[in-house]
There are 4 protein chains.
Amino acid sequence: MAGSVNKVILVGNLGKDPEVRHSQSGQKIVSFSLATSDTWNDRQSGERRERTEWHKIVVFNERLADVAERFLRKGRKVYLEGSLQTRKWQGQDGKDNYTTEIVLPRFGGELTILDTRHTEEGEQSGGYSNAPRNSGTRNNGGQAGGWDAPQSNAGLDDEIPF
Amino acid sequence: MAGSVNKVILVGNLGKDPEVRHSQSGQKIVSFSLATSDTWNDRQSGERRERTEWHKIVVFNERLADVAERFLRKGRKVYLEGSLQTRKWQGQDGKDNYTTEIVLPRFGGELTILDTRHTEEGEQSGGYSNAPRNSGTRNNGGQAGGWDAPQSNAGLDDEIPF
Amino acid sequence: MAGSVNKVILVGNLGKDPEVRHSQSGQKIVSFSLATSDTWNDRQSGERRERTEWHKIVVFNERLADVAERFLRKGRKVYLEGSLQTRKWQGQDGKDNYTTEIVLPRFGGELTILDTRHTEEGEQSGGYSNAPRNSGTRNNGGQAGGWDAPQSNAGLDDEIPF
Amino acid sequence: MAGSVNKVILVGNLGKDPEVRHSQSGQKIVSFSLATSDTWNDRQSGERRERTEWHKIVVFNERLADVAERFLRKGRKVYLEGSLQTRKWQGQDGKDNYTTEIVLPRFGGELTILDTRHTEEGEQSGGYSNAPRNSGTRNNGGQAGGWDAPQSNAGLDDEIPF
DNA sequence: TTTT
DNA sequence: TTTT
């Protein structure tokens, strides 16, 4: 369509360390879950209520995927801009399922880290996570259907983007 | 969470006339599908490509629900702001399904009509739709599980919001 | 700063045809004024009130400057994203003055045309303006301090971006 | 105008403690300066460059003015949404001057605190500022043209909004 | 699965 | 005047 806008702006915290995989053409793709939450006072009970929303984020933008891989960890707070995209996929029962993701496309999107404590790749996540980087769910030894292991950052300049 | 933001900004066109229902407490709820589209030149084939994305919009905000009911019709272009919300529901097979919607909550959200041609409730939709208002999918005669019929606009001031 | 965001989102109408100039390095820069307006009911008098706000827009992004030069005219409605920037300049009396602009930077920003009627460069602006393109304020014959005349669009692909 | 949008989204840090004044009708108005910054690598020198932008924020929204007065201090990082508004004022030389501000209006705007360390009113600002609250620039003893002293928060519920 |  |  002509003249349309599809923009999502989120500020939230990562639920886990990001996952890194690569497309067949070798492009790095970084995924993570981001939590946002609303709090309000229930009008009837007067109680404080909270609803947490989980968002699936997928980063195709090369520079931002590098930043995400190197600096994002469980618990960190980020600002990001992306677009809504709903994927259709087949469950094992052959039925259609739909998943809506926030995509930071090849050319576009924004990603800014909002808390200052940072952990470079290879370090422990410290207060953010008990798991060392390059382990666990992010490195499954190349099993079918899983993520690739993280790649070296050789060639990424050494600027810390925050 | 504390310090989180969950905001969606869309500019797109309605795929159909909006649907109006009411909650048990009598609150009007207006729903519609909004199309946005990306166009780009395929790098390999050089062809012009287009991807249309459909978004499910749900308006709880009272004032904006009134505007949506009275002035939105199939084809109209709108600007809106809402929040992402994913609902879990059970399919007939008992399986969990998830649907992500853009919600304009009771207190919040924005909705602005961007094309000037307008059709008041009760008129024909003209170029926007062949279906008369107050018919079709929006009025199912009160069947179980369906939408309620649209209500009178008595009490809505007569300002046209665009 | 590290973790900052500076974003403006506007939907409004051009007050005049855009002005096109070129930097010393030959980069095209397109400027225009955009009107937005708020309407509300005055609480005391009950009267309908309106306030129009004028925004100064400056487009450095090459692709968007091309779009702006070719397709934007007085009266057209656009969606745009840019950043706030305040410039300091000296008045003739030697005093400092400040002007705040919305900048679409070299690499970034968005610009989307929201009304469909379009006028290519060289055509009359029709309903949008009585002035022919390539005239008036936009072409001052190269006087000191003025804008350069618009350049040819040779090399701009022929896609209409809306 | 019909169908316009005027929205600013900022994430930045306060340059000083906020200033609190009251309108003639008794409405609290909170003002502060917010810094955002861009960093980039200069293409010619290859040097790291930074440009800080200062934004004038004015909060009319009652709830958000309370939050700003109670919890914002020099150095804190916030997310906010407002609208651009340019005010005309007369300098002492009788000349017109213009100042552009980001306004969080009576009914609207957003303000979210993004760093967790917080200081309630009456406490020292601690790491954020050496100045005690309720002093300095924020309280000028009621001099002509200055801000009023901060008011009591009686009536503000005790929820900490972050 | 996050955060306060 | 902030922050990294």
Side-chain angles (χ1 to χ4, degrees), chain A residues 10-19 31-40 48-57 67 71-80 112-118 120 125 127-131 136-138 158-162, chain B residues 1-6 86, chain C residues 1-6 86, chain D residues 10-19 31-40 48-57 67 71-80 112-118 120 125 127-131 136-138 158-162:
Chain A
L10 299 176
V11 173
N13 296 74
L14 276 81
K16 294 186 184 173
D17 285 3
E19 299 185 334
S31 307
F32 55 90
S33 282
L34 196 76
T36 59
S37 137
D38 273 321
T39 53
W40 70 96
R48 195 71 181 165
R49 308 241 0 219
E50 173 166 358
R51 178 192 164 92
T52 295
E53 197 68 38
W54 286 98
H55 309 273
K56 298 172 187 297
I57 315 295
V67 169
F71 299 109
L72 293 190
R73 295 293 179 279
K74 178 183 178 179
R76 296 212 65 166
K77 188 185 287 293
V78 300
Y79 170 97
L80 64 83
T112 301
I113 301 175
L114 291 177
D115 46 6
T116 322
R117 306 163 284 178
H118 54 268
E120 254 280 18
S125 306
Y128 287 101
S129 166
N130 294 322
T137 58
R138 294 208 353 286
D158 286 331
E159 300 295 349
I160 297 181
F162 56 94
Chain B
M1 178 171 323
S4 72
V5 174
N6 174 359
T86 298
Chain C
M1 180 169 325
S4 72
V5 173
N6 175 357
T86 298
Chain D
L10 299 176
V11 174
N13 297 73
L14 277 81
K16 295 185 183 172
D17 285 3
E19 299 184 335
S31 307
F32 55 89
S33 282
L34 196 76
T36 60
S37 138
D38 273 322
T39 54
W40 69 96
R48 195 70 180 166
R49 309 240 0 219
E50 174 167 358
R51 178 192 164 90
T52 295
E53 196 69 37
W54 286 98
H55 309 273
K56 297 173 189 296
I57 315 296
V67 169
F71 299 109
L72 294 190
R73 295 294 178 278
K74 179 182 178 180
R76 297 213 64 166
K77 188 185 286 295
V78 299
Y79 170 97
L80 63 83
T112 302
I113 301 175
L114 292 177
D115 45 5
T116 321
R117 306 163 283 178
H118 54 267
E120 255 278 19
S125 306
Y128 288 100
S129 166
N130 294 322
T137 57
R138 294 208 354 286
D158 286 331
E159 300 294 349
I160 296 181
F162 57 93

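The chains referred to below are lettered A, B, ... by the order of the sequence lines, with proteins before strands, and numbering in each begins at 1.
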Checklist entry - Does the side chain of B:N6 reach to within under 4.5 Å of the side chain of A:L10, using non-hydrogen atoms? => result yes
Atom CG of D:D115 and atom P of F:dT3 are separated, to the nearest Å, by 10 Å
Separation of E:dT3 atom C1' from A:E50 atom CD, nearest Å, is 8 Å
From CG of D:N13 across to P of F:dT2 the rounded distance in Å is 10 Å
When rounded to whole Å, the NZ to P distance for the pair D:K16 and F:dT2 reads 9 Å
CH2 (A:W40) and CZ (A:R51) are apart, to the nearest 0.5 Å, by 7.0 Å
D:W54 CH2 to F:dT2 C1', in whole Å, measures 4 Å
A:I113 CD1 to F:dT4 P, in whole Å, measures 14 Å
With the side chain counted from C-beta on, respond yes when D:V11 and A:T112 share a heavy-atom pair under 4.5 Å apart, and no when they do not.
no
Here the distance between atom P of F:dT3 and atom NZ of A:K77, to the nearest Å, is 19 Å
From CG of D:L34 across to P of F:dT1 the rounded distance in Å is 16 Å
To the nearest 0.5 Å, atom CG of A:N13 lies from atom NZ of A:K77 at 4.0 Å
